[in-house]
Amino acid sequence: MAIHNIEIANIFNKLANLLEIANENPFRIRAYRNAARVIGGLSHNAADLVEDGGDLTGLPGIGKDLAEKIRIIVKTGELPLLKKMEKRVPPVLNELLKIEGLGPKRVQLLHKKLGIQNLNDLKKCIESGKLRKLRGFGEKAEQKILSGMQHIREYSQRVKLVDAITIERSIIQYLKKSKYVKKVECAGSFRRRKETVGDLDIVVASSDTKKSIEYFVRFDEIATVVSQGNTRSTVRLHSGIQVDLRSVPLESYGAALLYFTGSKAHSIAIRKLAQKKNLKLNEYGIYKGNKKVAGKTEEEMYRQIGLAYIEPEIREDRGEIELARKHQLPRLITLKDIRGDLHCHTNATDGDASIEMMAQKAQELGYQYIAITDHSKHLAMAHGLNEKRLFAQIKLIDKLNSKLKNIVILKSIEVDILEDGSLDLPKNILKELDFTVCSIHSKFNLNSKKQTGRIIRAMDNPFFNILAHPTGRLINQREPYEIDLEKIMESAKERNCILELNAQPERMDMDDIHCKIAKELRLKMAISSDAHSKSQMDYIKFGVYQARRGWLEATDVINTRTVSELKKLFRRS
DNA sequence: GCCGTTTTCGGCCCGACTGTTTTCAGTCG
């Protein structure tokens, strides 16, 4: 069984937690956490690298020892040191760490002094008053732990970006009304446009940081104020999401924005870079001795440590710092580069607008073209098109095209890839289309070899153009189906096929890491809304965010091209 | 456990808030 990067990262994180509870060397613990982050953020499978006999010690923070441990995990699926630690420290203590307010030191104390092994023990100790007798615990701690125990599961899921946006908007609108707030922006993974966010990190520039915090905690969507100081505050909203607000003077705004945008890996890397140049970098600025040399803007901060400005979406320590040093960063695609949408449904199947209405929306967005891609007959529940109905739709589009001036409607279909790898409609009708979008809507549970083979066989069909939502995953709902995505990308490249970046907020399929791999393979991608209504065509922006996170430039994305360029691309031979 | 153009030993990113303490450890980001 193949070991994924995330599993290696989980093992190291678990080990780090146990070592911490066992009071081991904090720097050794940090080394494991760092390794977990590095492996978790890799764009290729560490397991493949091990199988190919590659050298892992080239990775930052991975030395001889960790490389060997990774090799053992890949070969055996487990790590002896973790087993050993689990004998020393009951692994259930790992669970206690998930309670807000409980860290390794206190969990260790609870285990040692009160013999607490699980949540139930902990609850009993609080009820019997044993807990507050412990040094360092009091009444407040009791309450915090009790409420923390209830929220372990409730808040564990990350929020989709599309949902976070509406919450962010209302916080920002509220803050902008205060006279103490000069500038405000949501930083963190929200600003990096990750597909999901854990919490919202708001950065404020203020003439009076204390007053701005006092204003913030009066926001009417707040359920509880977790902490409140002169420069920062943490709150929990009624929606369940946590919001951290940080308020700094205007001259430190850039530094605070940089610091709280992260990612953590990026922040640490640039901090180390500053240190090498004998500078100190923190959330207030860059300091040469006691003298502040930057802080007001992010541009100034980057410049001061010898880097070009790095867009938030790629601040992940995945090679961007080295390129910024050489001024060779990619010119990331923007929404303005998009000239059309290549995946849209109408009320002929499961959409809710007509072809004309969708075309009108495309014009409003400033597009040059829109492709109509309704479902094919196999998807009966969506009333998929058979040959006859598709033929009628083709005729209708021809008629509309002869009438319409500023927009071209491309004839297409989202055709099902059947279990044997054949397409759901015969070639004699597919050849009447401008191109096809092909996708899997059934038999999600085939094993990797079968599922991968199914897709590659489909690509052998000369009328196959774009593979839609390549992994089928639904964020927080459904795992990707088992496929060898890298093999599919290579096969697509060989056959002049294109992969879709599906911009539906719950799909965001492919993810950032695979977009970056596609770019490295020089494989072209299409960013598509998969809209089922006029308003959903706006989802294209989520696709652009994801593409930017995957380092894509306009040239990597086919729907930045003109109609005639596209038509040439779709002729595979 | 990692790392090195001051180092193969002795450092390791940095600061805020809370609660319980009476000067600071623990936790968090």
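Letters A, B, ... mirror the listed sequences (proteins, then strands); counts begin at 1.
Of the candidate nucleotides dT27(B), dC14(B), dG1(B), dT27(B) has the atom lying nearest to any side-chain atom of Pro104(A). For Tyr32(A), the listed nucleotide lying nearest its side chain is dG1(B); candidates were dC17(B), dG1(B), dG26(B).
Relative to the ring axis of Tyr32(A), Arg28(A) does not place its NZ or CZ within 45° and under 6.0 Å from the centre.
Relative ring orientation between Tyr215(A) and Tyr174(A) is described as parallel, the plane-to-plane angle staying below 30° on a 0-90° scale split at 30° and 60°.
Comparing the same atom, C1', in dT7(B) and in dC12(B) gives a spacing of 13 Å after rounding to whole Å. Comparing dC28(B) with dT20(B), their P atoms sit 15 Å apart, to the nearest whole Å.
Residue Tyr259(A) is in base contact, counting any heavy-atom pair closer than 4.0 Å across all strands shown. Contacts of Lys144(A) with the nucleic acid, taken as non-hydrogen atoms under 4.0 Å apart, are absent. Nucleic acid contact class of Gln242(A) (heavy atoms, under 4.0 Å, all strands): sugar-phosphate only.
The base of dG29(B) is not paired with the side chain of Asp199(A) by any donor and acceptor separated by under 3.5 Å.
The glycosidic torsion of dT7(B) lies within 90° of 0, placing the base in the syn range.
Rounding to the nearest 0.5 Å places CG of Leu335(A) at 9.0 Å from CD1 of Ile527(A).
The shortest distance between the side-chain N/O atoms of Lys276(A) and the OP1/OP2 oxygens of dG4(B) is not below 4.0 Å.
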